Colleague: 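Quick one: structure below, then a few questions.
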Protein chains: 2
Amino acid sequence: MYSAVMSTREALDTQAAPPGTPSPQGTPTTQERLLRSTQELLWERGYVGTSPKAILERAGVGQGSMYHHFAGKSALALAAIRRTAEGMKAVAEESLSAPGTAYERVEGYLLRERQVLRGCPVGRMTQDRDVVCSPELRQPLDEMFGWLRGRIAEVLAEGQRRGELAAGLDPSAVAATVAAVVQGGYVLARAADDSAPFDAAVQGALSLLAAQVTPAADSTA
Amino acid sequence: MYSAVMSTREALDTQAAPPGTPSPQGTPTTQERLLRSTQELLWERGYVGTSPKAILERAGVGQGSMYHHFAGKSALALAAIRRTAEGMKAVAEESLSAPGTAYERVEGYLLRERQVLRGCPVGRMTQDRDVVCSPELRQPLDEMFGWLRGRIAEVLAEGQRRGELAAGLDPSAVAATVAAVVQGGYVLARAADDSAPFDAAVQGALSLLAAQVTPAADSTA
DNA sequence: GTCTATAACTAGATAGAC
DNA sequence: GTCTATCTAGTTATAGAC
């Protein structure tokens, strides 16, 4: 799922590669290592819970390197959040642009393999005061979830045009419901320390959506 | 690790009010003020983001008072989380035990007035590593959400028995969906800094649930 | 570019006066 | 019971050597 999250800690390579670009071979640059460890730590501990020191230690670099490449904690977090949000979009698009009926594509999105107990690395950020209070840090979250709701709505609307889904369904509202079920599923699962509530929420949503599939288009009927 | 047990020292409290009870008139005890400010701060900033110092300042008491009444930050947080979770149960039960059809009761729960952009004070805690990693601190969240899913499932099952809802509906799964929509709605709304996505998610869920209402029981048909 | 040293500040808790 | 020091460790950043 998250290539950016692989904890590759090879020997230090001193130079090369244009900024922002991972080196083609297996040895990431210092900047790249800083970004990746920030992505991991933001996911695990959130913004307030992530200290520059922890980032440096995980990346295996000194203080100076971090402040050379980034202005500070928030600048590093911004870059990490942007990348995480982009990665999430790419993964979601994979399911939503797959072949099949609208129902099948939404089903694919909902049933995609997830590390449920770790939660959503993007949704996680919405619970961080410092993030939502900063327009810059919040922007990638807003963009990602706005895109997601729009994209699911497109899929549903397409299904309606094809006669697969009931005409009365509101694509935009149901898209928000689908996105919310995933985010809320993470919350329920983490509270229970068990992924079962997440799976139940998804199954419930799928069963409700399945009732919107028109008889003619329902291959299981 | 976490010996965040509720301090029994409160039993030795020489002041009037019985433990855990706010004094009847408008002047809350020191203990009560500490609890309330902790509840507020946990909601706003989460566990890691809340310092004892901030609690003291908001409560208007000194360091010594806090450590007299509570063993430390985690003990105070545990008491605050327990109370918040209990309050949430009471508020939800109000909607779910109201008169009306199963659909109407779930609708009442979903449309209940909420401070959407502030998020859920209980759900908020599931994003805090220190909370979910401590069995003691996580327990009230687990209990609250477990109760909520069970209670909604009861309402739905009752609706089925009364012939209001389709027999094919899985009460337990749909209950998880309903609870998840609320929690996920908060996430979408905070990302957008706008309560509209929350409302859309709720409307989508209600429209899908409405399709499960049997024609005979549908007063709007 | 990367490192270590250091500084100003906050977190979380303790000690002891009153 | 409540208060004001005080303490150790961690946070966030800057300075300057290599």
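Any value given below was found using the heavy atoms of this structure, including those in side chains, with hydrogens, waters and symmetry copies removed. We name chains A, B, ... by the order of the sequence lines, and we start the count at 1 in each one. Note that this is a predicted model, so its numbers are computed, not measured.
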Colleague: Any ion pair linking A:Arg83 and A:Glu32 (charged N to carboxylate O, less than 4.0 Å)?
Modeller: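 A salt bridge links A:Glu32 with A:Arg83.
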Colleague: Report all side-chain donor-acceptor pairs from residues 59-75 of chain A shorter than 3.5 Å, counting only partners two or more places apart or in another chain.
Modeller:
from: A:His69; atom 1: ND1; to: A:Gln31; atom 2: NE2; distance (Å): 3.2
from: A:Lys73; atom 1: NZ; to: A:Tyr47; atom 2: O; distance (Å): 2.9
from: A:Lys73; atom 1: NZ; to: A:Thr50; atom 2: O; distance (Å): 2.9

Colleague: Reading nucleotides 13-18 of chain D 5' to 3', which nucleotides get B (base under 4.0 Å from a protein heavy atom), which S (sugar-phosphate only), which -?
Modeller: BB----
Colleague: Atom CD of A:Glu57 and atom P of C:dC3: how far apart are they, to the nearest Å?
Modeller: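 Going from A:Glu57 (CD) to C:dC3 (P), I get 13 Å.
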Colleague: If the condition is salt bridge (charged side-chain N to carboxylate O under 4.0 Å, His left out), which residues does B:Arg114 pass it with, not counting sequence neighbours?
Modeller: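 Salt bridge (charged side-chain N to carboxylate O under 4.0 Å, His left out) check on B:Arg114 returns nothing, list empty.
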Colleague: Among all residues two or more places apart in sequence or in another chain, which pass the salt bridge (charged side-chain N to carboxylate O under 4.0 Å, His left out) test with B:Glu93?
Modeller: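 For B:Glu93, the residues satisfying salt bridge (charged side-chain N to carboxylate O under 4.0 Å, His left out) (neighbours in sequence not counted) are B:Arg151.
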Colleague: Tell me every residue that passes salt bridge (charged side-chain N to carboxylate O under 4.0 Å, His left out) with A:Asp142, counting only those two or more places apart in sequence or in another chain.
Modeller: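 If we apply the salt bridge (charged side-chain N to carboxylate O under 4.0 Å, His left out) test to A:Asp142, skipping adjacent residues, the hits are A:Arg138.
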Colleague: OP1, OP2 of C:dG1 versus side-chain N and O of A:Thr30: anything below 4.0 Å?
Modeller: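 Negative; the distance criterion is not met.
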Colleague: So, using salt bridge (charged side-chain N to carboxylate O under 4.0 Å, His left out) as the criterion, who are the partners of B:Arg124 when residues are at least two apart?
Modeller: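 So B:Arg124 forms a salt bridge (charged side-chain N to carboxylate O under 4.0 Å, His left out) with B:Asp128.
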Colleague: Not counting sequence neighbours, which residues clear ring pair (Phe, Tyr, Trp, His ring centres under 6.0 Å) with A:Phe198? List them please.
Modeller: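 Counting only residues at least two positions away or on another chain, A:Phe198 forms a ring pair (Phe, Tyr, Trp, His ring centres under 6.0 Å) with A:Tyr186.
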Colleague: In whole Å, I'd like the distance from the CG atom of B:Leu76 to the P atom of C:dG12.
Modeller: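 Result: 12 Å.
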Colleague: Round to a whole Å and report the spacing from CD1 of B:Ile55 to C1' of C:dT10.
Modeller: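 Result: 15 Å.
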Colleague: Tabulate protein N/O versus nucleotide N/O from nucleotides 7-10 of chain D, keeping only pairs under 3.5 Å, one per line.
Modeller:
none

Colleague: From CG of B:Leu56 over to C1' of D:dT4, roughly how many Å is that when rounded to an integer?
Modeller: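 The answer, rounded to whole Å, is 13 Å.
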Colleague: Starting at CZ of A:Arg33 and ending at P of C:dT2, how long is that distance when rounded to a whole Å?
Modeller: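 The answer, rounded to whole Å, is 8 Å.
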Colleague: Can you run down the salt bridge (Lys or Arg N to Asp or Glu O under 4.0 Å) pairs that involve residues 49-71 of chain B, sequence neighbours left out, and say none if there aren't any?
Modeller: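 Found B:Glu40-B:Arg58, B:Glu44-B:Arg58.
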Colleague: Is the phosphate of C:dC3, meaning OP1 or OP2, less than 4.0 Å from a side-chain N or O of A:His68?
Modeller: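 So the side-chain polar atoms of A:His68 never come under 4.0 Å of the phosphate oxygens OP1 or OP2 of C:dC3.
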